[in-house]
Amino acid sequence: MGRSVRTRVGGAGKAAARGLVFLIQLYRHMVSPLRPATCRFIPTCSQYAVDALTEYGLIRGSWLAAARLAKCGPWHRGGWDPIPERRSQRECRTNFEDTSAAGSPRAARGESESFVRCV
C-alpha cells in the first residue's frame with residue numbers, strides 16, 4: 001500500500017509540474033513576444049523555470065524558479081545563471097575509516113565529522 005500511495009503522489013507532482021511548464025510555455029509564446037526583452041539573465045527566467053521544473057520536479061523546481069525571480073530587479077546584475085547541477089550518487093563516497101585514530105585531525109569544537117563525503 002505504501003508504494004502505491006507514493007506512486008500516486010509522485011505522479012500527481014509530475015502532472016502538476018507539467019501543467020506549470022505548459023503555463024510558462026503559454027506565457028513565453030503568447031505574452032512575452034508582446035513585451036520588450038528585459039530579462040538580464042541567461043537563460044531567461046522563464047526558460048530557467050522550465051528547466052528547473054523539468055529537472056527537479058514540482059517542489060524543488062518551483063523553489064528554484066521563485067528564488068531566481070526574486071533576483072529580478074535593478075539590485076542584481078544578472079548574467080549567466082543556469083540551474084544547479086544534480087549531484088550524482090557516484091560522486092558521493094562513503095568514508096568508513098576510523099576518525100578517532102591518533103594521527104587524524106579532530107573536528108573543531110561545535111563541528112561534527114561526516115562519514116559521507118561528496119566531491
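Rounding to the nearest 0.5 Å gives a distance of 10.5 Å between CG of D81 and CD1 of I42.
L20 has its side chain within reach of L58: a pair of non-hydrogen atoms, C-beta onward, lies under 4.5 Å apart. Using a 4.5 Å heavy-atom threshold, the side chains of C72 and C45 count as touching. Contact annotation: the side chain of P84 never approaches that of E55 to less than 4.5 Å [non-hydrogen atoms, C-beta and beyond]. Side-chain contact between I24 and L53: present, with at least one pair of heavy atoms (C-beta onward) separated by less than 4.5 Å.
Proximity of a side-chain donor or acceptor of R68 to a complementary backbone N or O of P82 within less than 3.5 Å is not detected.
Residues in residues 29-43 take part in no salt bridge (charged side-chain N to carboxylate O under 4.0 Å, His left out) pair, two or more places apart or across chains. Under the ring-ring contact (aromatic ring centres under 6.0 Å, His included) criterion, the residue pairs touching residues 17-71 are F41-H76, with sequence neighbours excluded.
Hydrophobic side-chain contacts under 4.5 Å tie L69 to no other Ile, Leu, Val, Met, Phe, Trp or Tyr residue.
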